[in-house]
Amino acid sequence: MNKVFGSWWKKDNNSATELQGSENIPRHVAIIMDGNGRWARKLGLPRIVGHRNGMKAVKRATTAADEIGISILTLYAFSTENWKRPKEEVDFLMSLPQEFLALELEELIQKNVQVRMMGHTDRLPGHTIAAMEEAIERTKNNTGLILNFALNYGSHREITESVKQIAREVQAGKLDPEAITQELIGSRLLSGDLPDPDLLIRTGGELRLSNFMLWQTAYSELWFTEQYWPEFGREQLFAAVAEYQKRTRRYGGLS
Ligand code: FPP
């Protein structure tokens, strides 16, 4: 693992970027995987081919994250708004977790990766839930990289449901309104015990958060690339991390 530090270079507009050693690697990296459709269109291919190649990029990102010691990789695989897409595309997207895990679960287990899911299970097809549950169960005792799939995830619904739950507890006399702290709200979100993302990456050139981890990314460092998700791999992850390593995080204070 150590040999990648200080020896990995990315050429960017004729300037070279080096991963700045093993210091200051983000603990939690979250990625908005955008641009599958445009990547496919660019090549004259159906959108679903873009999504299938997006699945291959998931493997590359996971391998690279593991290689440099990132602890948590959260991937926005399907949003609460993605149900608006044509049924065939939704069905295809819902088949990908199963397909990915059929191909990769044994290797993930071998690499000590712990699979998790963050999202609302109500509209997910049984086969998608079954594949995720099997992976979660079989990797629950693993202590390496946490690979967290955001599936049927949306911050507005996540926050709304957590507020409702807190209100119910107050109404039932189980929770004192004065005990509602920032930490309590954070712990009631779908991300639960995970620390907030240190670095948020979005591919595909759009500069927005699209209802993704709105509470949790309050102080995340943001990194955007024009490249489409199926083009993402080790080089792009390392470029984002190298940029992160140069940033000073002040959380509203002074450095
Ligand atoms: C956004 O691109 C991408 C998605 C809505 C789906 C993301 C899913 C994957 C990358 C595969 C997930 C794999 C696993 C294993 C769960 P878009 O289709 O909106 O692209 P566009 O903006 O170019 O149309």
Side-chain angles (χ1 to χ4, degrees), residues 29-66 72-109 111 113-121 123-136 138-139 145-155 190 200-213 224-233 236-237:
V29 175
I31 309 185
I32 301 175
M33 308 183 287
D34 195 17
N36 293 347
R38 280 167 287 157
W39 177 85
R41 194 169 62 215
K42 189 174 78 171
L43 298 174
L45 298 166
R47 289 179 62 79
I48 60 166
V49 179
H51 294 314
R52 172 155 288 119
N53 280 274
M55 186 184 81
K56 294 179 186 164
V58 167
K59 161 133 197 192
R60 293 194 295 273
T62 305
T63 304
D66 192 37
I72 305 146
L73 181 66
T74 295
L75 301 175
Y76 202 10
F78 193 90
S79 78
T80 45
E81 287 68 41
N82 286 151
W83 297 106
K84 295 175 197 158
R85 294 185 179 209
K87 184 174 180 318
E88 309 81 73
E89 183 169 342
V90 168
D91 288 348
F92 188 80
L93 286 168
M94 285 299 150
S95 73
L96 286 181
Q98 200 175 355
E99 188 175 329
F100 176 79
L101 291 166
L103 289 168
E104 304 299 339
L105 184 57
E106 294 308 324
E107 191 176 326
L108 293 172
I109 292 170
K111 286 186 165 167
V113 172
Q114 185 186 116
V115 177
R116 291 203 196 183
M117 195 198 117
M118 177 177 84
H120 309 279
T121 48
R123 284 182 77 177
L124 294 177
H127 64 85
T128 311
I129 297 178
M132 289 306 305
E133 278 179 354
E134 186 199 340
I136 292 165
R138 291 186 62 197
T139 63
L145 172 73
I146 293 176
L147 178 58
N148 184 32
F149 288 103
L151 210 52
N152 194 20
Y153 173 86
S155 278
L190 291 168
L200 173 75
I201 294 173
R202 181 172 188 146
T203 59
E206 309 285 3
L207 305 179
R208 55 176 172 256
L209 294 181
S210 301
N211 202 17
F212 185 54
M213 301 191 89
F224 298 97
T225 174
E226 293 280 328
Q227 281 178 297
Y228 298 134
W229 177 250
E231 297 164 333
F232 195 90
Q236 291 73 21
L237 184 77

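Values below: all heavy atoms of this structure, side chains included; hydrogens, waters and symmetry mates excluded. Each ligand, and each atom within it, is numbered from 1 in the order the structure gives.
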Any protein N/O atoms within less than 3.5 Å of an N/O atom in ligand 1? List the atom names and distances, or say none.
from, atom 1, to, atom 2, distance (Å)
ligand 1, 2 (O), D34, OD1, 3.3
ligand 1, 2 (O), G35, N, 3.4
ligand 1, 18 (O), R47, NH2, 2.9
ligand 1, 18 (O), R85, NH1, 3.0
ligand 1, 19 (O), D34, OD1, 3.4
ligand 1, 19 (O), R85, NH1, 3.4
ligand 1, 19 (O), R85, NH2, 2.7
ligand 1, 20 (O), G35, N, 3.3
ligand 1, 20 (O), N36, N, 3.2
ligand 1, 20 (O), G37, N, 3.1
ligand 1, 22 (O), D34, OD1, 3.1
ligand 1, 22 (O), R38, NE, 3.3
ligand 1, 22 (O), R38, NH2, 3.2
ligand 1, 23 (O), G37, N, 3.4
ligand 1, 23 (O), R38, N, 2.7
ligand 1, 23 (O), R38, NE, 2.8
ligand 1, 24 (O), R47, NH1, 3.0
ligand 1, 24 (O), R47, NH2, 3.2

* Asked: Do K59 and F100 touch side chain to side chain, with heavy atoms closer than 4.5 Å?
  -> yes

* pair L237-I201: side-chain heavy atoms closer than 4.5 Å -> yes

* Do E106 and R138 meet the salt-bridge criterion of a basic N to acidic O distance under 4.0 Å? ->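 Between E106 and R138 there is a salt bridge, with a charged N closer than 4.0 Å to a carboxylate O.
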
* Is there a side chain to side chain donor-acceptor pair (under 3.5 Å) between N152 and H120 once you walk through the steps? -> CA-CA 6 Å; N152 194 20; H120 309 279; over 6 Å; no

* Asked: Roughly how far, to the nearest 0.5 Å, is the CD atom of E231 from the CH2 atom of W39?
  -> 8.0 Å

* Applying side-chain hydrogen bond (donor to acceptor under 3.5 Å, both in side chains), name anything that partners K56, two or more places apart in sequence or on another chain. => none

